Amino acid sequence: MRIAELSTDLRQTETLTEILEEIESSVKEFERIVSTENPSKETTNFCSKLQKGFSRLNSQSPLSKSNKLQIWKLSFRLWNACVDLSNLTTACGNRSVPEDHVKLRQISADLLFFAGEVPEIPSSDFKAASFFYKTGLLWHGLKKFDLAAVCFEKATDLTSKIEVSEITDPGERKLLLDLNLARSTSAWDVSERNLALTLLNRSKNLLFGCPESYRALANQYLIFGKLYLSSNSQTSSVNEALKLMNESLDLCDKGLRSCKRGDENLELKTLRSKSLRFMAAANLQCEDYESVLKCIRVLRESSGGGGEQHPCLPVLAMKSWLGLGKHREAEKELRGMVLNKGIPESVWLSSVEAYFQATGVAGADTTKGVFLGLLGRCHVSPKAAVRVAQVVVGSGGEGFRLRAKVVAELVSDERVVALFNEETAANERTSMHTVLWNCGAEHFRLKDYETGAEMFEKSMLYVPHNVENKILRAKCFRVLSLCHLALLQFDRAQEYITESEKLQPNITCAFLKFKIYLQKNEEIGAIAQIQVMASCLDFNPDFYFLAAHEAIACHALPVAIASLSVLLGVYSHGKPMSTPEGVVLRTLLTLLSRVMVEETEVLKFTKHAHIRMKEIGPENFLGKGEVGRRERNWFAWNSWNNGTRMGKEKKYKLCAEFLELASEFYGARIDGDEVEDHRPMICKSLILSVSANIAAEKQSGVALKESDLKQAGQLLDRVGKMLPGMQLSDDCQSIDSSLHFMYTLNAYNLQARLGNSRSQQLLLVKNFASSKMCTPQYLLQIGLNAAQDGQHSNLEVSDYALNTCLSSLLNSPSPDYQKVALVLRKLIGIAGFRKGNADDDVYNVYKQAYRIIIGLKVGEYPTEEGKWLAVTAWNRADMPVRLGQVVIARRWMTIGLDLAQHVQGLLGYKGTMEDFLAEFDKKFNGLDDYEYADSDNRSTVTEV
């Protein structure tokens, strides 16, 4: 060796020694710190120091035997210090391993790997591998799966140098298996499932006939199977899980055959049973019920039939029997669960739920019996009782009533009620009450009041008798009263509402009492209860309206009327209400019409409606928009109908008042709308109202007061202002011509009685005559009325009306000569009363009659009327003859003879009349009236 090389080796050896001394110093310091009370705060610094020292050590090679041995010793010292530190940390209650502690163990394992094989140390590779294996487990616990995999791979490399068949040491064999299982677990956790299963299969070569090894590998297969089963519920995943569990079961069987001592097979038997149970669960998940039952049969046979069974077996068996539709066998399993004290409450609770869901109503009694059986076997929590009740009662559907009955029997059992007596069960007591209350409410909604009442009664078992729950108890009593009221059990309903009133008097109690009175047909008591409601602190006037509706439903109309009458007083005080006042009055008037009260009572409330509408405005009284318009039309229509009905019954005073109110309602404006559409009805109502007053005057024989006459005149004035506008539109057609005539006639008579000028009367008649509504018959009646009205007669109006009537009759295509004759007769009579030259006026009428008769067919003009004209005209010459008025006498005799020549039935008189007239002309020919007057040869005309 050269000197230069020697000096280099010497320098390297000195450097390695320094590094090892530095590492040893750090290890010593670490050992000292571990011995302190709180070493965890300073381990981070030592971890970094040791990592730096180890990195410097990696650059030194090759190592001498002494160096390797020194490194091994330092590694073991560091590892032991880490073990001491871990024990100390665990003793302090900290189960988690800090990452720095694992790093120190990693350094310890890396030192062994760096040192390599040391001949002086037996099985050095396996010892180093064990360090990496244990460190890998710690990294795996911290979920550092990549670091754990590196450790496991290094450990595998170290142990792979020796053939498996050459390994005889049990610890080394166990290490090989544990290492393989750890690698498999690590691969599974990083989703490398194929690798994980491959490593498990390789592990079968590392069992060495050891029962413990069989158990460890079988357990790992079972773990992976359970993970498959829990991660995905698809059929493929369940099948994979079953394969792994079958492997576990097979390994358990092989392990049991390899056992040489009796105490070695206990854990394997336990694992085998566990594998069978999970296989049963997996088969249940994929609905292979027969396989489930096979697994359970094997498990029960292995326990000798009478041994203690796992709590899950009856559950799995019951669900399998249910799946196969064999409910009787499932019931046996369920009842058998009562005897198994190892079954947790949550398990048998879910079993009861599953059984009931499968069997439905048919399993309700069994469910109840099982639960009550459990009460005698073990402590059952109130929460479980709530759950069972909730499951059995359900929420409607088939057999809902029967299920409710079963629950009622269950919750009323003394043992069940006793479960909720503890103060700690307050929440569960509330839950049970809610379940029963909701069930009762659902039956109440379905109108099964009997079952509803029973459930409400049972719910009261879970309401404590204390001040805090007084309101709740009162609520229960009220709803029970409602149920018995619906069942027509009025006495019981009254008992319950009385109890509720003792606990919490309020408007609801008072209203329910009101309903009970109604149902018992005690109308006096119901009306008195209406007043009681107002004294309640929580009274709301809307209850009056509600009471009216209830009374109407019970056909107790007097009670409804009383309620609405009281409600009207609330409106009068100005209190805002949700329902318009008009609706209340409309309802009240409708009820009054149905009970056939006196018309004066209906009129009173109709007047009240009109007054309130004027006071608060139509929109506030009736409502706005289309609703208000409908209400207005109803009041108007109702008043009109009542008025016309009173008119037919000849109760003219009431008729007049109803019709006047009808006009007021028709004239009410809603949302500023115009009332043109209602003008015809307004006019009709006013005209008929005045006519009814006049008819009432004639009926009673008592003249109307002047104030009444003025009011009637004002009403007709309103009509008179509307009629001209209506005549220009189509509204005129909506008024019957008879009403127009009635208006004219009434207005004419009232003007006469109020002392208005005759010219106003004439103008009124002329306006009517010019309207489309006027007919000859109406003019004839006006003319006759004006001529015959005693001191209020107006011959000018009569003359105008009759002459207009005559013109209208003659202008007709087919004149009614009977009426023409009547008009002519009346005109002749009126003309005689005129001031001035009355004789000429009368003669003109006769002359007009003569012109009418000329050209008519025989018999077309009434014969008697024609005779009357001819005879009266001839006889009118008598007085002039006596007075010596030759000209006048000749004129009357001439017109009389002319008329007689065109009238049938006067042939016998005609010759006499002609002879007399010829003699009269011969005798007084050339004499005037004065000469005739002085003559002594005066003669009288022959009367016909």
Side-chain angles (χ1 to χ4, degrees), residues 430 433-434 436-438 440-441 444-445 449 452-453 455-457 459-460 462-486 489-520 522-554 556 558-585 587-588 620:
T430 303
H433 172 78
T434 303
L436 299 176
W437 179 276
N438 290 342
F444 188 90
R445 187 184 65 81
Y449 303 112
M455 298 310 294
F456 287 129
E457 285 180 357
S459 73
M460 293 190 69
Y462 299 91
V463 181
H465 293 261
N466 52 26
V467 178
E468 292 79 4
N469 290 280
K470 182 175 67 173
I471 295 176
L472 183 57
R473 291 185 63 79
K475 182 181 177 181
C476 292
F477 282 127
R478 286 196 298 271
V479 76
L480 280 169
S481 177
L482 273 175
C483 290
H484 289 288
L485 187 61
Q489 298 171 356
F490 305 126
D491 292 335
R492 290 198 66 185
Q494 193 155 11
E495 289 176 8
Y496 280 120
I497 202 61
T498 301
E499 291 298 321
S500 177
E501 203 169 26
K502 291 177 182 177
L503 295 170
Q504 187 191 21
N506 56 18
I507 184 61
T508 306
C509 294
F511 186 74
L512 283 177
K513 274 194 172 182
F514 169 80
K515 288 191 66 172
I516 293 170
Y517 281 125
L518 284 179
Q519 294 292 338
K520 294 170 73 173
E522 297 180 5
E523 292 187 355
I524 296 176
I527 293 173
Q529 193 65 23
I530 292 173
Q531 302 295 333
V532 173
M533 287 194 290
S535 63
C536 297
L537 296 177
D538 56 342
F539 170 73
N540 189 319
D542 287 337
F543 274 93
Y544 284 142
F545 205 77
L546 186 59
H549 278 289
E550 291 288 340
I552 293 170
C554 295
V559 179
I561 292 171
S563 179
L564 294 176
S565 300
V566 176
L567 182 59
L568 288 178
V570 179
Y571 283 97
S572 300
H573 295 150
K575 187 173 181 178
M577 301 286 286
S578 59
T579 305
E581 188 174 358
V583 175
V584 178
L585 273 163
T587 308
L588 181 58
N620 292 329

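Quick caveat, the model's predicted, so the values are computed rather than measured.
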key: Chi angles and distances behind the side-chain contact (heavy atoms from CB on, under 4.5 Å) call for Leu518, Glu523   = CA-CA 6 Å; Leu518 284 179; Glu523 292 187 355; 5.9 Å; no
task = Could you tell me which residues satisfy side chain to side chain contact (heavy atoms under 4.5 Å, CB included) with Cys509, sequence neighbours excluded, listed by chain and number?
result = Arg478, Ile497, Ser500, Glu501, Asn506
query = Taking side chain as C-beta onward, heavy atoms only, is Lys520 less than 4.5 Å from Gln494?
reply = yes
note = Taken to the nearest 0.5 Å, the spacing of Phe514 CZ from Ser563 OG works out to 6.0 Å
key: Side-chain heavy atoms of Gln504 within contact of Phe477, under 4.5 Å   = no
key: Heavy-atom closest contact (Gly452 atom, Cys483 atom, distance)   = C-SG, 4.2 Å
request  = Nearest 0.5 Å please: distance from the CD1 atom of Ile516 over to the CD atom of Gln489.
outcome  = 12.0 Å
message = I'd like to know if the side chain of Asn466 reaches the main chain of Asn469, judged simply by a donor and an acceptor atom lying under 3.5 Å from each other, with no hydrogens or angles considered.
response = yes
Please tabulate, for side-chain N and O atoms in residues 524-539, each donor-acceptor pair with protein atoms closer than 3.5 Å (sequence neighbours left out).
{"residue": "Gln529", "atom": "NE2", "partner": "Ala510", "partner atom": "O", "Å": "3.2"}
{"residue": "Ser535", "atom": "OG", "partner": "Val532", "partner atom": "O", "Å": "2.5"}
{"residue": "Asp538", "atom": "OD1", "partner": "Ile507", "partner atom": "N", "Å": "2.9"}
{"residue": "Asp538", "atom": "OD2", "partner": "Ile507", "partner atom": "N", "Å": "3.4"}

remark   = Residues Met577 and Leu567: closest non-hydrogen pair is CE-CD1, 3.6 Å
query = Under the side-chain contact (heavy atoms from CB on, under 4.5 Å) criterion, do Glu550 and Phe511 qualify, and how do the steps go?
reply = CA-CA 10 Å; Glu550 291 288 340; Phe511 186 74; 3.5 Å; yes
key: Check: Leu480 and Met460 side chains under 4.5 Å, non-hydrogen atoms   = yes
task = Would you sort out whether Glu499 and Arg492 count as a salt bridge (charged side-chain N to carboxylate O under 4.0 Å, His left out), showing the intermediate values?
result = CA-CA 11 Å; Glu499 291 298 321; Arg492 290 198 66 185; over 6 Å; no
inquiry  = Applying side-chain contact (heavy atoms from CB on, under 4.5 Å) to Tyr571 and Val584, what does each step give before you reach the verdict?
reply    = CA-CA 10 Å; Tyr571 283 97; Val584 178; 3.5 Å; yes
ask   = Is the closest side-chain heavy-atom distance between Thr508 and Lys475 below 4.5 Å?
value = no
message = Under a 3.5 Å distance rule, please check whether His433 uses its side chain to pair with a backbone N or O of Ser459 as donor and acceptor.
response = yes
ask   = Does any non-hydrogen side-chain atom of Phe490 lie less than 4.5 Å from one of Leu485?
value = yes
task = Compare all side-chain heavy atoms of Thr434 with those of Trp437 and state whether any distance is below 4.5 angstrom.
result = no
task = Would you mind reporting whether Tyr496 and Leu482 have side-chain heavy atoms less than 4.5 Å apart?
result = no
query = Is any side-chain heavy atom of Phe456 closer than 4.5 Å to a side-chain heavy atom of Cys476?
reply = no
ask   = Atom CG in Leu503, atom CD1 in Ile471: separation rounded to 0.5 Å?
value = 10.0 Å
message = Please find the pair of heavy atoms, one from Thr587 and one from Val583, that lie closest to each other, and give the distance.
response = OG1-O, 2.8 Å
ask   = Parallel, tilted or perpendicular for His549 and Phe545, by the 30°/60° rule?
value = perpendicular
